[in-house]
Amino acid sequence: MRPRRIWTVFEMSKRGACRVLGSGRTSIRYAPKPADDSELRDRLKAFAQARRRFGHRRLHGPLRHEGHVINRKRVQRIYREEKLMVRKRGRRKRALGTRRPIETPTRPNERWRLDGVSNQLAGGRWFGMLAAVNDCTWESLCLIADTALSG
């Protein structure tokens, strides 16, 4: 049921009613067209599924690039109506069960370890040392000291 218009209630012309209200006559003749957002909604859903970490602000750019004439507020409205949201990142997976302890070497030269340490000289320059250590006897095979040890 349509609401009754002011000019029919007070039996006056549309022009006179617009003059009383202080509005333009074109606003009386305006009939909003329902927007057909089906294609836009499909593209927005496809983008949101492909780029799960993009919100409505970042999805606006690709839609404009495709040629859709759309502003950010409309993208946000459709984004909310479709119940799209930025997916939360998954938590880091923890190891299940108990971990196996590292086996200790039983004889010399079974396993060696590399260890790097650094320190500062009195003059302010840094130097590093690389040590190769036998895990069984804790004997140091060699020590390499230098001011620039590369990886």
Should side-chain heavy atoms under 4.5 Å link Ile, Leu, Val, Met, Phe, Trp and Tyr, which residues sit in the same cluster as [X]?
| X | value |
| --- | --- |
| V69 | none |
| M85 | none |
| L40 | L44, F47, F54, L59, L63, I70, V75, I78, Y79, L84, V86 |
| W138 | V133 |

Report yes if the side chains of [X] and [Y] come closer than 4.5 Å at any heavy-atom pair, otherwise no.
| X | Y | answer |
| --- | --- | --- |
| N71 | R74 | yes |
| R89 | R53 | yes |
| N134 | L141 | no |

Is I102 reachable from W112 through a run of I, L, V, M, F, W or Y residues, each pair having side-chain heavy atoms under 4.5 Å apart?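 No.
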May I ask whether F127 and L130 are part of the same hydrophobic cluster, defined by side-chain heavy atoms of I, L, V, M, F, W, Y residues being less than 4.5 angstrom apart, directly or through others?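 Per the 4.5 Å side-chain linkage, F127 and L130 are not co-clustered.
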Inter-residue atom distance [X].[atom1] - [Y].[atom2], 0.5 Å rounding:
| X | Y | atom1 | atom2 | result |
| --- | --- | --- | --- | --- |
| R100 | E103 | CZ | CD | 5.5 Å |
| R72 | H60 | CZ | NE2 | 5.5 Å |
| R51 | R87 | CZ | CZ | 14.0 Å |
| R25 | K14 | CZ | NZ | 10.5 Å |
| E82 | R41 | CD | CZ | 5.0 Å |

Salt bridge check: are R77 and E81 linked by an N-O gap of less than 4.0 Å?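 Counted as a salt bridge, because a side-chain N and a carboxylate O are separated by less than 4.0 Å.
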If you apply the rule side chain to side chain contact (heavy atoms under 4.5 Å, CB included), what do you find for E39 with H68, and how did you get there? CA-CA 10 Å; E39 180 186 344; H68 294 282; 3.8 Å; yes
Heavy-atom count around Q49 CD within 6.0 Å, excluding the residue itself: above 12?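 No - once you tally the heavy atoms of other residues, nucleotides and ligands closer than 6.0 Å, there are 12 at most.
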Residue pairs passing the salt bridge (charged side-chain N to carboxylate O under 4.0 Å, His left out) test where at least one lies in residues 121-137, sequence neighbours excluded: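 Matches after skipping sequence neighbours: R111-D135, R113-D135.
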How far apart are the closest heavy atoms of P108 and C136, and which atoms are they?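 Result for this residue pair: N-SG, 3.9 Å.
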Report the residues that fulfil side chain to side chain donor-acceptor pair (under 3.5 Å) with E110, sequence neighbours left out, ordered by chain and then residue number.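 Result, side chain to side chain donor-acceptor pair (under 3.5 Å) vs E110: T106.
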